[in-house]
Amino acid sequence: MAATVEELYRNYGILADEKEDLSKHKDAYQAILDGVKGGPKEKRLAAQFIPKFFCSFPALADAAINAQLDLCEDEDVSIRRQAIKELPRFASGENLPRVADILTQLLQTDDSAEFNQVNTALISIFKIDAKGTLGGLFSQILQGEDIVRERAIKFLSTKLKMMPDDTMTKEVEDYIFIETKKVLEDVTGEEFVLLMRILSGLKSMQTVSGRQQLVELVVEQAFLEQALNPTDADSVDRLLQCTRQALPLFSKNVHSTRFVTYFCEFVLPNLSLLTSPVAELDIQLEVLKLLAEMGPYCGDMDKLEVNLNMLFEKLLEFMPLPPEEENGENAANEEPKLQFSYVECLLFSFHQLGKKLPDFLIDKISAEKLKDFKIRLQYFARGLQVYIRQLRVALQGKTGDALKTEENKIKVVALKITNNINVLIKDLFHNPPSYKSTVTLSWKPVQKTEAAKRQSGEDIGATATTKKLPTNLPRRDARQIYNPPSGKYSASIGNFSYVIVPQFWIMLLMGTGGRLWARLPMCQCLSTIKIDDMRPSQQINFWTL
């Protein structure tokens, strides 16, 4: 029989007035438990009274928790909130994992106030016993419903970093690592990103050995022991997701060698066949960017010459030969396509691996192929000088807000791309080829110390330096992971491939053992086109470079 409001208050008074042995009033507490069978008023009182005397009646512990759980599932949202608010008071000893399990299941609620109450309760018991609370959370992540699993993972990814150091002990972090490895055996792409965020935020993972452990986890997820199926969008997406997660972990002590090797052996040969689940994504450029970012952290490589040759051949594909003459006019089907963004990535990657085999261009390729390569470099370099001049003129004198307009942002990045390529080409034209210059990839943030030196727009884009970068960089987990913005042309690739320059066409005189005319295009003023798609189509004489 359900207790009335008057009976609940009377039994509460009996228990509250007892100063010595509450256990002798078991009937009074049982009457309070029966309050959950009453109406809304009785249930609200029971939700407050049951936890208050819970610890004094261990024999009724299960009955008390079940009664409170019934209130957590009541149709009246105010009763549910009150019951959830009091749940942490049951979290003691062996009951805590059970309470954590219950609260984790309650994360599936669609009521925002109730959801916040559950989060608050979970945080409260986490501070009481972190490991016990994690047990309840991971139990539901591994065995619970999809919605519960999803929200439990998000809870950990957002709340763990807010926990005090005395709560997040080494024992607790070790437990998180072990349990997360179990979850990683079967995860979606989104879950993988969140779980890696959880692990990379642990203090124990900030060491070299910690980051190496994380890289090993990513390697397992990336299936690097298997050949890539370039036409399987899911397989390609999995590789890209894993590579993005591994990037911020790499350093001079934690190498990217296995990923770079895999890209050279299985990705570059199939670059044109790659399929992306995102229709607007320039998958080839995305892959080349990731490879370029990993280059500086590549260690000793077993098949260095083979992989460097693959990079070299792929670079040749994107660096056209000067077009041949036909009756004084360039044949229309031979007009070169200057793909600056692709070339920046490939040239940077070649430059990084070339440091490890500096005689590659001297002894490892034929004289004929080297001559062909230099002709391509020369053609590209002369075209770069034209673009660089025009962009510098367009940006000259512009500072502050003037450089923040969308048009000037595009020009700034275009200048970065062309400057980077120019610096790298100069290195390769040395005899013997040099690999000493350092550039900041166009899509990466510029160091503040470098930006501070720039006094005008004319200097923007000159990211090359022969000095080493500062060693006092931010923590690895704080380093910005490359996440390209979405836009009209790509959901993941930024707009830096587009440039606006004045309208005119250039007749370029090139010396390649004879007189060879090549036309280099410039874009129409006040119109935006993709810099990677520039093709020559008209010409005027232009004698001074």
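Just the heavy atoms: all of them, side chains too, but no hydrogens, waters or symmetry mates, feed the values below.
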> Who passes salt bridge (Lys or Arg N to Asp or Glu O under 4.0 Å) against E171, sequence neighbours left out?
Replying inline: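 Only K131 meet the salt bridge (Lys or Arg N to Asp or Glu O under 4.0 Å) criterion with E171.
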> Is E6 salt-bridged to R10, cutoff N-O under 4.0 Å?
Replying inline: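 Answer for the salt bridge query: no.
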> Strictly by modelled atom types, are N408 and T405 linked by a side-chain donor-acceptor pair under 3.5 Å?
Replying inline: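 Present: a donor and an acceptor within the cut-off.
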>> Under the rule for ring pair (Phe, Tyr, Trp, His ring centres under 6.0 Å), what residues qualify as partners of F263, not counting sequence neighbours?
In response: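 So F263 forms no ring pair (Phe, Tyr, Trp, His ring centres under 6.0 Å) with any residue.
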>> For K85, give me all partners under salt bridge (Lys or Arg N to Asp or Glu O under 4.0 Å), at least two apart in sequence or on another chain.
In response: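 Not a single residue meets the salt bridge (Lys or Arg N to Asp or Glu O under 4.0 Å) criterion with K85.
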> Mind checking what makes ring pair (Phe, Tyr, Trp, His ring centres under 6.0 Å) contact with F54, not counting sequence neighbours?
Replying inline: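 For F54 the ring pair (Phe, Tyr, Trp, His ring centres under 6.0 Å) partners, ignoring immediate neighbours, are F90.
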> Within a reach of under 6.0 Å around NZ of K26, are more than 12 heavy atoms found that belong to other residues, nucleotides or ligands?
Replying inline: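 No - once you tally the heavy atoms of other residues, nucleotides and ligands closer than 6.0 Å, there are 12 at most.
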>> Working to the nearest 0.5 angstrom, can you tell me the gap between S256 OG and Q352 CD?
In response: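 Rounded to the nearest 0.5 Å, the OG-CD separation comes out at 9.5 Å.
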>> Considering only residues two or more places apart or on different chains, which pairs with a residue in residues 55-68 satisfy salt bridge (charged side-chain N to carboxylate O under 4.0 Å, His left out)?
In response: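 Listed by first then second residue: D62-R98.
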>> Please give me the minimum heavy-atom distance between R44 and S78, naming the atom from each residue.
In response: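 Nearest pair, atom of R44 first, then S78: NH1-OG, 3.3 Å.
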> Which pairs pass side chain to side chain donor-acceptor pair (under 3.5 Å) with one or both residues in residues 142-154, sequence neighbours excluded?
Replying inline: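 Every side chain to side chain donor-acceptor pair (under 3.5 Å) pair that includes a residue of residues 142-154, provided the two are not neighbours, is R149-E191, E150-K154.
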> Do any N or O atoms from the side chain of Q105 and from the backbone of Q140 form a donor-acceptor pair under 3.5 angstrom?
Replying inline: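 Not a single qualifying donor-acceptor pair exists.
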> Is there a donor-acceptor contact under 3.5 Å linking the side chains of D21 and S23?
Replying inline: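 Yes.
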>> Atom CG of residue position D166 - does it have more than 12 heavy atoms of other residues, nucleotides or ligands inside 6.0 Å?
In response: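 Yes, because the 6.0 Å sphere around CG of D166 holds more than 12 heavy atoms from other groups.
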>> Run the side-chain contact (heavy atoms from CB on, under 4.5 Å) test on R258 and E225 for me, step by step, so that the C-alpha distance in whole Å, both residues' side-chain angles and the decisive distance to 0.1 Å come before the verdict.
In response: CA-CA 10 Å; R258 277 180 288 183; E225 72 283 355; over 6 Å; no
>> Could you work out, with salt bridge (Lys or Arg N to Asp or Glu O under 4.0 Å) as the rule, every residue matching R238, not counting sequence neighbours?
In response: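 For R238 there are no salt bridge (Lys or Arg N to Asp or Glu O under 4.0 Å) partners, ignoring immediate neighbours.
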> Residues in ring pair (Phe, Tyr, Trp, His ring centres under 6.0 Å) with F348, at least two apart?
Replying inline: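 Testing F348 for ring pair (Phe, Tyr, Trp, His ring centres under 6.0 Å), a comparison that skips the adjacent residues, returns none.
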>> Using the rule given for salt bridge (Lys or Arg N to Asp or Glu O under 4.0 Å), can you reason through K182 versus E179, listing the C-alpha separation, both sets of side-chain angles and the distance that settles it, and then say yes or no?
In response: CA-CA 5 Å; K182 296 177 184 177; E179 293 301 309; 3.1 Å; yes
>> Just verifying a value: how many Å separate D282 CG and L288 CG, rounded to the nearest 0.5 Å?
In response: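 Those atoms lie 8.5 Å apart.
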>> Do S200 and L214 make a side-chain contact, defined as non-hydrogen atoms from C-beta onward lying under 4.5 Å apart?
In response: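 Contact flag for S200/L214 side chains = yes.
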>> Are the side chains of L107 and T104 in contact, using a 4.5 Å heavy-atom criterion?
In response: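 Answer yes - side chains close enough.
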> Strictly by modelled atom types, are S272 and Q284 linked by a side-chain donor-acceptor pair under 3.5 Å?
Replying inline: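 No donor-acceptor contact under 3.5 Å links the two side chains.
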>> salt bridge (Lys or Arg N to Asp or Glu O under 4.0 Å), that's the test. Do E286 and K289 meet it? Break it down for me.
In response: CA-CA 5 Å; E286 178 70 1; K289 284 183 175 182; 5.5 Å; no
>> Run the salt bridge (Lys or Arg N to Asp or Glu O under 4.0 Å) test against D401 and tell me which residues pass, sequence neighbours left out.
In response: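 With neighbours one apart ignored, the set is K404.
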> At what distance, to the nearest 0.5 angstrom, does SG of C72 lie from CD1 of I84?
Replying inline: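 Answer rounded to 0.5 Å: 5.0 Å.
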>> Show the nearest heavy-atom pair for residues Q221 and L184, with the distance to one decimal.
In response: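 Here Q221 and L184 meet closest at NE2-O, 2.7 Å.
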>> Ring centroids only, cut at 6.0 angstrom: are F49 and Y29 within range, meaning strictly under it?
In response: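 Ring centroids of F49 and Y29 are no less than 6.0 Å from each other.
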> Distance only, no hydrogens: is a donor on one side chain within 3.5 Å (strictly under) of an acceptor on the other, for E86 and Q82?
Replying inline: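 A donor-acceptor contact under 3.5 Å links the two side chains.
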> Taking 4.0 angstrom as the limit, do E293 and K444 come out as a salt bridge?
Replying inline: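 Yes, this pair counts.
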> Residues in side-chain contact (heavy atoms from CB on, under 4.5 Å) with D74, at least two apart?
Replying inline: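 For D74, the residues satisfying side-chain contact (heavy atoms from CB on, under 4.5 Å) (neighbours in sequence not counted) are K43, D76, I79, R80.
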>> Once ring pair (Phe, Tyr, Trp, His ring centres under 6.0 Å) is applied, what residue pairs with a partner in residues 134-159 remain, sequence neighbours excluded?
In response: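 Counting only pairs at least two positions apart or across chains, no ring pair (Phe, Tyr, Trp, His ring centres under 6.0 Å) contact touches residues 134-159.
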> How many angstroms lie between atom CG of L8 and atom NZ of K41, to the nearest 0.5 angstrom?
Replying inline: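 Answer rounded to 0.5 Å: 12.5 Å.
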>> The criterion is ring pair (Phe, Tyr, Trp, His ring centres under 6.0 Å); which residues satisfy it with F126, sequence neighbours excluded?
In response: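 For F126 there are no ring pair (Phe, Tyr, Trp, His ring centres under 6.0 Å) partners, ignoring immediate neighbours.
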> Rounded to the nearest 0.5 Å, how far does CG of L240 lie from OG of S235?
Replying inline: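 Going from OG on S235 over to CG on L240, the span is 11.0 Å.
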> With a 3.5 Å cut-off and no angle check, do the side chains of E7 and N11 form a donor-acceptor pair?
Replying inline: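 No.
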